[in-house]
J.: 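Just dropping this structure here.
What you are looking at is a predicted structure, and each value in this text was computed from that prediction instead of being measured. Chain naming here is simple, since letters A, B, ... match the order of the sequence lines and numbering starts at 1 in each.
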There are 2 protein chains.
Amino acid sequence: MPRQTKQTAKDHAADTDTAAVARLRAFGLRPTRQRRELAGLLFDGCDRHVTAESLHDEATHAGARVSLATVYNTLHQFTEAGLLRQIVVDAARSYFDTNVGDHQHFFHEEDGLLIDIPSQTIAVSNVPAPPEGLAVDRVDVVVRVKRA
Amino acid sequence: MPRQTKQTAKDHAADTDTAAVARLRAFGLRPTRQRRELAGLLFDGCDRHVTAESLHDEATHAGARVSLATVYNTLHQFTEAGLLRQIVVDAARSYFDTNVGDHQHFFHEEDGLLIDIPSQTIAVSNVPAPPEGLAVDRVDVVVRVKRA
DNA sequence: GTGTTTGCAAAGTGTTTGCAATTTA
DNA sequence: TAAATTGCAAACACTTTGCAAACAC
């Protein structure tokens, strides 16, 4: 297996880490071990929806030692930096989405599952002007779904 | 001040209570003192948005002795009975709306304030079909607003 | 070195629950 | 009287925080 034509798992991990470091630096965050590991899990190319607990579990299973408190802090730092978007669909827990672009969600309450709806799909029209002194920040659409 | 042409405050309170009792009975709920008092506050004719805490405070200030646990239980019973609708806009607390009809909301995060948008106003189009095995339950639109 | 970040454990917040006492029908 | 409801206090789940040790630059 020639070194030049196929990466080893180790190479891939290293690349993922390099990408994470670059991304963190670009967003003004120190690339600490914990942030690199969490970023490696979150920004793997797919759009992802996580809760603090799900990400902590995933990190733990992946062998990354990160405390739950740090996961919470990191999710908020990433959100503040613009790497993540927080989504409110369930009073019980906070979800974070790696897709920070303009899009909406299906939410399956029974399973606590979020599914992206591409931005171009849904159209919201005739949003009235907000009350005096207020400006529209964002329009969130949540399509709540149930087992048929 | 003729009794026949103008109601006293006491009469009004009695009427409110009579209406509350009728409403509770109609929805299959025993008209206990606490439920009558809370219903009297909630269903005064205006559309209202409350949290458990705000309603408990209001009840207390109105001289009604109701525990916070009972307010929580009552809000859920009213919701289950169809008298209220629960609204998820803030991960930190649950809001309940006395307007159970089809409508959407402005939400002012800074002040934790909800404002109704009439049902006919907003239009959501091109909601895609949900994933296999799931059916659309409801489409919630939250227009998040900020101080201009 | 110096300022930042982490992790733990403790505290905090909103909410639910177990159960004896009370109330409704 | 029988069944439903209440209130308290304790339990809960999720989240935040204070602070000493560890780390990045």
Side-chain angles (χ1 to χ4, degrees), chain A residues 17-18 20-40 49-60 63-81 83-84 86-96 109 112 114, chain B residues 17-18 20-40 49-60 63-81 83-84 86-96 109 112 114:
Chain A
D17 196 62
T18 302
V21 170
R23 188 185 298 256
L24 290 170
R25 284 234 162 81
F27 282 79
L29 295 165
R30 278 197 186 182
T32 66
R33 173 178 60 80
Q34 291 85 340
R35 286 178 184 162
R36 281 185 279 129
E37 291 173 336
L38 295 177
H49 303 106
V50 301
T51 63
E53 190 131 21
S54 78
L55 182 58
H56 182 246
D57 285 356
E58 190 181 346
T60 301
R65 286 168 299 97
V66 190
S67 75
L68 184 55
T70 296
V71 172
Y72 274 106
N73 291 335
T74 302
L75 285 172
H76 287 134
Q77 290 155 357
F78 283 10
T79 300
E80 224 169 310
L83 283 164
L84 293 176
Q86 190 166 1
I87 297 175
V88 180
V89 280
D90 184 343
R93 64 179 120 261
S94 289
Y95 287 82
F96 294 85
E109 311 216 23
L114 272 176
Chain B
D17 195 60
T18 301
V21 170
R23 188 185 298 256
L24 290 170
R25 284 234 163 81
F27 282 80
L29 295 164
R30 281 195 184 182
T32 65
R33 174 179 58 79
Q34 291 85 340
R35 285 179 184 161
R36 280 185 280 128
E37 291 174 336
L38 294 177
H49 302 107
V50 301
T51 63
E53 190 130 24
S54 79
L55 182 59
H56 182 246
D57 285 355
E58 190 181 346
T60 301
R65 286 169 298 96
V66 189
S67 75
L68 184 55
T70 295
V71 172
Y72 273 107
N73 291 334
T74 302
L75 286 172
H76 287 134
Q77 290 154 358
F78 283 10
T79 301
E80 224 170 311
L83 284 164
L84 293 177
Q86 190 167 0
I87 297 175
V88 180
V89 282
D90 185 343
R93 68 181 117 259
S94 288
Y95 287 82
F96 295 84
E109 310 216 25
L114 271 176

J.: Would you say CD of B:E80 has more than 12 non-hydrogen atoms from neighbouring residues, nucleotides or ligands within 6.0 angstrom?
T.: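 12 or below, so no.
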
J.: Taking CD from A:Q77 and P from C:dG7, how many angstroms apart are they, rounded to a whole number?
T.: 11 Å

J.: What nucleotide, of C:dG14, D:dG7, C:dT6, holds the atom closest to the side chain of B:R93?
T.: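 The nucleotide sitting nearest to the side chain is C:dG14.
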
J.: Searching all strands shown, indicate the nucleotide that pairs with D:dC25 (Watson-Crick or G-U wobble; both distances under 3.5 Å).
T.: C:dG1

J.: Taking for each residue the nucleotide of DNA chain C with the nearest heavy atom, is it A:L68 or B:A92 whose nucleotide lies nearer the 5' end?
T.: A:L68

J.: What does C:dT22 pair with, Watson-Crick or G-U, if both distances are under 3.5 Å?
T.: D:dA4

J.: Does anything in residues 51-59 of chain A come within less than 4.0 Å of DNA chain C? Heavy atoms only, and list the residues if so.
T.: none

J.: If you compare all heavy atoms of B:T79 against all heavy atoms of B:L75, which two are closest, and at what distance to 0.1 Å?
T.: OG1-O, 2.7 Å

J.: Please give, in whole Å, the distance from D:dT5 P to B:L24 CG?
T.: 11 Å

J.: Indicate yes or no for a side-chain donor-acceptor contact from B:R36 to the backbone of B:P31 under 3.5 Å, with no hydrogens or angles considered.
T.: yes

J.: Can you check whether B:S94 has a side-chain N or O nearer than 4.0 Å to OP1 or OP2 of C:dT15?
T.: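 True: B:S94 side-chain N/O within range (under 4.0 Å) of C:dT15 OP1/OP2.
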
J.: With respect to the phosphate group of C:dT15, does any side-chain polar atom (N or O) of B:Y72 fall under 4.0 Å of OP1 or OP2?
T.: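 For B:Y72, the contact criterion (side-chain N or O under 4.0 Å from OP1 or OP2 of C:dT15) is met.
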
J.: Atom CZ of B:R65 and atom C1' of C:dT22: how far apart are they, to the nearest Å?
T.: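 Interatomic distance, CZ of B:R65 to C1' of C:dT22: 12 Å.
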
J.: Would you name the heavy atoms of B:R65 and B:Q34 that are closest together and state the gap between them?
T.: O-CG, 4.2 Å

J.: Rounding to a whole Å, what distance do you find between B:E37:CD and D:dT6:P?
T.: 11 Å

J.: Evaluate the criterion side chain to side chain contact (heavy atoms under 4.5 Å, CB included) for residue pair A:R35 and A:L38; output intermediate values, then yes/no.
T.: CA-CA 5 Å; A:R35 286 178 184 162; A:L38 295 177; 5.9 Å; no

J.: Does B:L83 reach the side chain of B:L29, with side-chain heavy atoms less than 4.5 Å apart?
T.: yes

J.: Can you see if the side chain of A:H76 gets near the phosphate of D:dT15 - specifically, an N or O under 4.0 Å from OP1 or OP2?
T.: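 No, A:H76 has no side-chain N/O under 4.0 Å of OP1/OP2 on D:dT15.
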
J.: Would you mind reading off the distance between A:N73 atom CG and D:dC19 atom P, rounded to a whole angstrom?
T.: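 Those two atoms, CG and P, are 16 Å apart.
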
J.: So which protein nitrogen or oxygen atoms get under 3.5 Å of nucleotides 22-24 of chain D's nitrogens or oxygens?
T.:
none

J.: Could you tell me the separation between the CZ atom of B:F96 and the C1' atom of C:dT15, rounded to a whole number of Å?
T.: 10 Å

J.: Below the 4.0 Å mark, does D:dG7 have OP1 or OP2 next to a side-chain nitrogen or oxygen of B:S67?
T.: yes

J.: Specify the separation, in whole Å, of atom CD of B:Q86 and atom P of C:dG14.
T.: 15 Å

J.: Rounded to the nearest Å, what distance is computed from the CG atom of residue B:L29 to the C1' atom of nucleotide D:dT6?
T.: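 Distance, rounded to whole Å: 15 Å.
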
J.: Specify the residue among A:Y95 and B:T74 whose closest nucleotide of DNA chain D lies further upstream toward the 5′ end.
T.: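 First, find each residue's nearest nucleotide; the 5'-ward one identifies B:T74.
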
J.: Indicate the atoms forming the closest heavy-atom contact of B:S94 with A:A91, along with that distance.
T.: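 What the structure gives for the nearest pair is OG-CB, 3.9 Å.
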
J.: So A:L55 and A:Y72, side chain to side chain contact (heavy atoms under 4.5 Å, CB included) or not? Walk me through it.
T.: CA-CA 10 Å; A:L55 182 58; A:Y72 274 106; over 6 Å; no

J.: Would you say A:Y95's side chain and A:D90's backbone share a donor-acceptor pair under 3.5 angstrom?
T.: no

J.: C:dT15, C:dA9, C:dT6: which one has an atom nearest the side-chain heavy atoms of A:A69?
T.: C:dA9

J.: Hey, does the side chain of A:Q34 come within less than 4.0 Å of C:dG7's phosphate (OP1/OP2), counting only N and O?
T.: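 Checking A:Q34 against C:dG7: at least one side-chain N or O falls below 4.0 Å of OP1 or OP2.
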
J.: Is a donor on one side and an acceptor on the other found under 3.5 Å between the side chain of B:S54 and the backbone of B:V50?
T.: no

